[in-house]
Amino acid sequence: MKALTTISNAAVYVGQRLVARQHRKFIARHATELFRLPTGEDRFKVALYFADEMVNAYQIRQWYEPMSKLAQQVPIVVITNRPDSALALRQECPLPVHFAPTTQDLERLVDTQDLRLVFYVNQNIRNFQMMRFNSPNHVFINHGESEKAYMWSNQLKAYDYVFSAGQAARDRLGLHLRNFNPLERTKLIGRPQIDVNYSVPYSFNSSLPTVLYAPTWEGDRPSMSYGSALTHGEKLIKSLIDDGGFNVIFRPHPRSGMHSSQYRNAIDRIKRLLAEGESFSAGRLIFDDSAFWGWQWSQSDICITDISAVAYDFLATGKPMFVSTPVSLEATVETSPALQKIASLNTKQTENLPALIRDALSTENSQLQEVVNYYFGDISAGASMSRFIDESLALVSEEYGTGKIVPKQPA
């Protein structure tokens, strides 16, 4: 057994060396693009920092379109310190990608550019490699609104500002964080992603309602055990397929199954149910593991999800939804206006889900608009995108320590 383990470890090591060599060769071939820094008026003023692997790229992808809109007014760059992420982002990201693996590379970037604002989409510890520089405004934009404990992490104090969706986020931070003034440290921008026009990659039966089931992952600690795929998922998908009156989009979280083989197996079983049902269903049954998030909520009439950012993305559309009730007693569940006024779904209710969905689609929820306003503010067309761009440009125009613009000399 020890010999087998040694051989296995050696194989992993050799594989890692080969991948590293491939990355070095690629980067050497594309060094001009990956290390390029503009001069003069084209110098970057805004950066989107992503010091992470591509399994978490869903966090940055949702910001491509808002950042592209902002880039129409100010030069923006995506910074990464991983060669594999630099390689992949260069292929898919609409913004320039700069590879900065070392502190010296970041110093060169900061010294030659005119960075006024740096955005962060997650709490990766490597963010601090960039946050050591004083002159830009460092802003946490997150990767979605939710009631997870992650949303009031004490790490938020490290940023100059937090771009939050609405008053609910500001109140949440005021409740949970000590020595943090949310009125001064937060900027309310709504959800600019709802102002993007998404193309739908599939055709659906337009005579049937479309249900989006988008469970979160299993979590990496008991307090984050919100995922419903194992507890609710198979029952609810089977009930929808057996009914035959719905299009279904099943979109599991990209990290599903990373910490639990049972959870991963549940995802696989749901995938098989959809594939088998597709052969006889009048509706379209989709297992969606595509890279981009947005068309799913624009296409769907109703959503079933968990305590996660998906719930709040969908909430901003104003359409009806259900949020699963966690089975685990260890999951941290905070009382919130959203969870109080959005319909919940326990495991017993999944068997009667088709009737619950039809009732929700035919009944107007008078409380929903009140909740939407509290969490997102004005969600009329273009309002969120405008707030995001206006708040960003205001910080770009602010010189550190003075509030005035004092342009650097062209490099």
Side-chain angles (χ1 to χ4, degrees), residues 45-52 56 59-60 62-63 66-67 78-81 100 103 106-107 110 115-192 219-224 226 307-309 312 332-338 374-377 387-388 390-403:
K45 285 185 169 62
V46 176
L48 180 58
Y49 194 70
F50 184 70
D52 216 328
N56 292 324
Q59 298 170 344
I60 188 174
Q62 63 181 259
W63 286 101
M67 291 296 166
V78 172
I79 305 170
T80 184
N81 65 350
T103 300
L106 285 176
E107 287 178 347
V110 171
L115 284 185
R116 310 291 187 83
L117 175 59
V118 182
F119 290 115
Y120 302 84
V121 298
N122 60 28
Q123 300 282 17
N124 193 309
I125 193 170
R126 296 182 184 90
N127 289 355
F128 283 90
Q129 199 172 20
M130 184 71 209
M131 292 175 67
R132 63 186 290 267
F133 299 101
N134 290 348
S135 56
N137 276 301
H138 298 274
V139 175
F140 185 66
I141 52 175
N142 208 348
H143 49 276
E145 181 81 1
S146 78
E147 298 292 350
K148 290 183 178 180
Y150 179 92
M151 297 297 296
W152 58 83
S153 165
N154 208 50
Q155 292 169 291
L156 294 178
K157 295 176 182 177
Y159 302 90
D160 295 305
Y161 297 102
V162 176
F163 274 15
S164 298
Q167 187 61 42
R170 185 173 275 174
D171 291 346
R172 188 188 304 123
L173 294 175
L175 176 65
H176 291 283
L177 289 184
R178 294 174 297 171
N179 304 314
F180 181 90
N181 187 332
L183 191 61
E184 295 178 354
R185 300 282 295 279
T186 61
K187 309 285 185 181
L188 305 187
I189 63 166
R191 191 73 173 125
D220 57 1
R221 71 209 78 160
S223 64
M224 298 284 282
Y226 304 116
I307 298 175
S308 71
Y312 297 88
T332 301
V333 179
E334 292 290 322
T335 302
S336 73
Y374 181 53
Y375 277 85
F376 297 98
R387 292 205 299 279
F388 165 67
D390 290 346
E391 294 289 0
S392 299
L393 292 178
L395 293 180
V396 168
S397 300
E398 177 185 291
E399 183 69 11
Y400 174 72
T402 67

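- With sequence neighbours excluded, the residues that form a side-chain contact (heavy atoms from CB on, under 4.5 Å) with Asn81 are Tyr49, Ala51, Arg126, Gln129.
- When every heavy atom of Glu145 is checked against every heavy atom of Ala165, the shortest pair comes out as OE1-CB, 3.6 Å.
- Of all heavy-atom pairs spanning Met67 and Ile141, the tightest one is CE-CD1, 3.7 Å.
- When all heavy atoms of Tyr159 and Gln123 are compared, the pair lying nearest together is OH-OE1, 3.2 Å.
- Between Trp152 and Phe180, the distance separating the two ring centers is not shorter than 6.0 angstrom.
- Put simply, the side chain of Asp160 does not reach to within 4.5 Å of the side chain of Val139, judged on heavy atoms.
- Here the NZ-OG distance, from Lys45 to Ser392, works out to 14.5 Å after rounding to the nearest 0.5 Å.
- A 4.5 Å side-chain heavy-atom check between Glu107 and Arg132 finds at least one atom pair inside the cut-off.
- Looking only at side-chain heavy atoms (C-beta outward), Val46 and Leu395 stay at 4.5 Å or farther from each other.
- Of the possible donor and acceptor atoms, one in the side chain of Lys157 sits under 3.5 Å from a partner among the backbone N and O of Arg178.
- Once rounded to the nearest 0.5 Å, the distance linking CZ of Phe128 with NE2 of His138 reads 10.5 Å.
- When all heavy atoms of Leu188 and Gly166 are compared, the closest pair comes out as CD2-O, 3.5 Å.
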